Amino acid sequence: MWTVKVVSLGVVALSLSLELLFWLFSRRRSERITNKVLFFPSEVACVEHIFSPTLPHSHVCSLPHGVDTSFSRLLRYILSACSSLDLCLFSFSNMDLSRAVLLLHSRGVTIRVLTDKVYSAISGSQIGVLRKAGICVRCDVSAVHMHHKFAVVDGRTLITGSLNWTLTAVQSNMENIIITEEPDLVQPFVKEFCRLWGLNDSAQYLSSLTD
């Protein structure tokens, strides 16, 4: 009888230990995962130091310097890409965001851009600039607007929300962005981007028309 009690207590102790370890692991994991929310319009401030960290804050510029804004944080998250950046955007005309994408391209980061065919041709769109730089861009071939606004950084960080990548959206509109590394949220967007990327392969689309 005594042996049974000892064994039972041992099982309970082991169960509690495992639960404690699981709780500690989950807590540490949640502390490491990025979950941020940014709201716009963003305060207008100089962002040159983000592109050129060695540039002195005192360089000639009429905008406020050294100010941490929603837009500056967004730029930092985009520029954190080391291997890949997938963009699925309705409208892309913001020159600083375009500059960030071009900088990543020059660093050897693999970039894919999927955008709306109508808005890619409007005045001020940066899509043509990206294409000229050699970045792979595909426009949707469907009859409806490609209205997504999301980016996936290195296949593990999701940037999504209401924000179009335009100057008006950044500086004048009430907008939001969520930045997360939660796998349960990131992976569906990764899969959806891959699905849309394949669906909007112009070569396959033209081939299907002739079949």
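As the structure is a prediction and not an experimental result, all values here were calculated from the model.
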>> Set out, in order, the CA-CA distance, both residues' side-chain angles and the distance that settles side chain to side chain contact (heavy atoms under 4.5 Å, CB included) for L97 and F71, then state yes or no.
In response: CA-CA 9 Å; L97 288 169; F71 186 57; 3.8 Å; yes
Roughly how far, to the nearest 0.5 Å, is [atom2] of [Y] from [atom1] of [X]?
X: L185; Y: T157; atom1: CG; atom2: OG1; value: 12.0 Å
X: R112; Y: L130; atom1: CZ; atom2: CG; value: 15.0 Å
X: L114; Y: E192; atom1: CG; atom2: CD; value: 9.5 Å
X: S42; Y: I177; atom1: OG; atom2: CD1; value: 10.0 Å
X: L102; Y: K132; atom1: CG; atom2: NZ; value: 12.0 Å
X: S91; Y: Q126; atom1: OG; atom2: CD; value: 10.5 Å

Same apolar cluster: [X] and [Y], side chain cutoff 4.5 Å:
X: M146; Y: V113; answer: no
X: L163; Y: L167; answer: no
X: I179; Y: V101; answer: yes
X: L104; Y: L75; answer: yes
X: V152; Y: I159; answer: no

> F150 vs H148 aromatic rings, parallel, tilted or perpendicular, using cut-offs 30° and 60°?
Replying inline: perpendicular
> Hey, is the main chain of D140 close enough, under 3.5 Å, to the side chain of D116 for a donor-acceptor pair?
Replying inline: no
>> Using only atom types and a distance under 3.5 Å, with no angle test, would you say the side chain of K117 pairs donor to acceptor with the backbone of S142?
In response: yes
State, to 0.1 Å, how close [X] and [Y] come at their nearest heavy-atom pair, and which atoms those are.
X: Q171; Y: V44; result: CD-CG2, 3.7 Å
X: N164; Y: A169; result: O-CB, 3.2 Å
X: S80; Y: V153; result: OG-CG1, 4.0 Å
X: T115; Y: S120; result: CG2-CB, 3.9 Å
X: S93; Y: G124; result: CB-O, 3.3 Å
X: C88; Y: L196; result: SG-CD1, 4.2 Å

> With H105, which residues qualify under ring-ring contact (aromatic ring centres under 6.0 Å, His included), at least two apart?
Replying inline: none
> Looking at I78, L103, L79, D96, which hits side chain to side chain contact (heavy atoms under 4.5 Å, CB included) with I50?
Replying inline: L79
>> Whether R99 engages the ring of F51 as a cation-pi pair (distance to the six-membered ring centre under 6.0 angstrom, angle to the ring normal within 45°) should be assessed.
In response: yes
> Got a sec, which residues hit side chain to side chain donor-acceptor pair (under 3.5 Å) with S162, two or more places apart in sequence or on another chain?
Replying inline: E175, N176
> Who passes side chain to side chain donor-acceptor pair (under 3.5 Å) against S83, sequence neighbours left out?
Replying inline: D154
> Excluding sequence neighbours, so at least two apart, what forms side-chain contact (heavy atoms from CB on, under 4.5 Å) with L89?
Replying inline: L87, F92, W165
> Which ILVMFWY residues are connected to V118, directly or by a chain of links, through side-chain heavy atoms under 4.5 Å apart?
Replying inline: F90, Y119, I122
> Rest of the hydrophobic cluster containing V37 (Ile/Leu/Val/Met/Phe/Trp/Tyr, side-chain heavy atoms under 4.5 Å)?
Replying inline: F39, I178
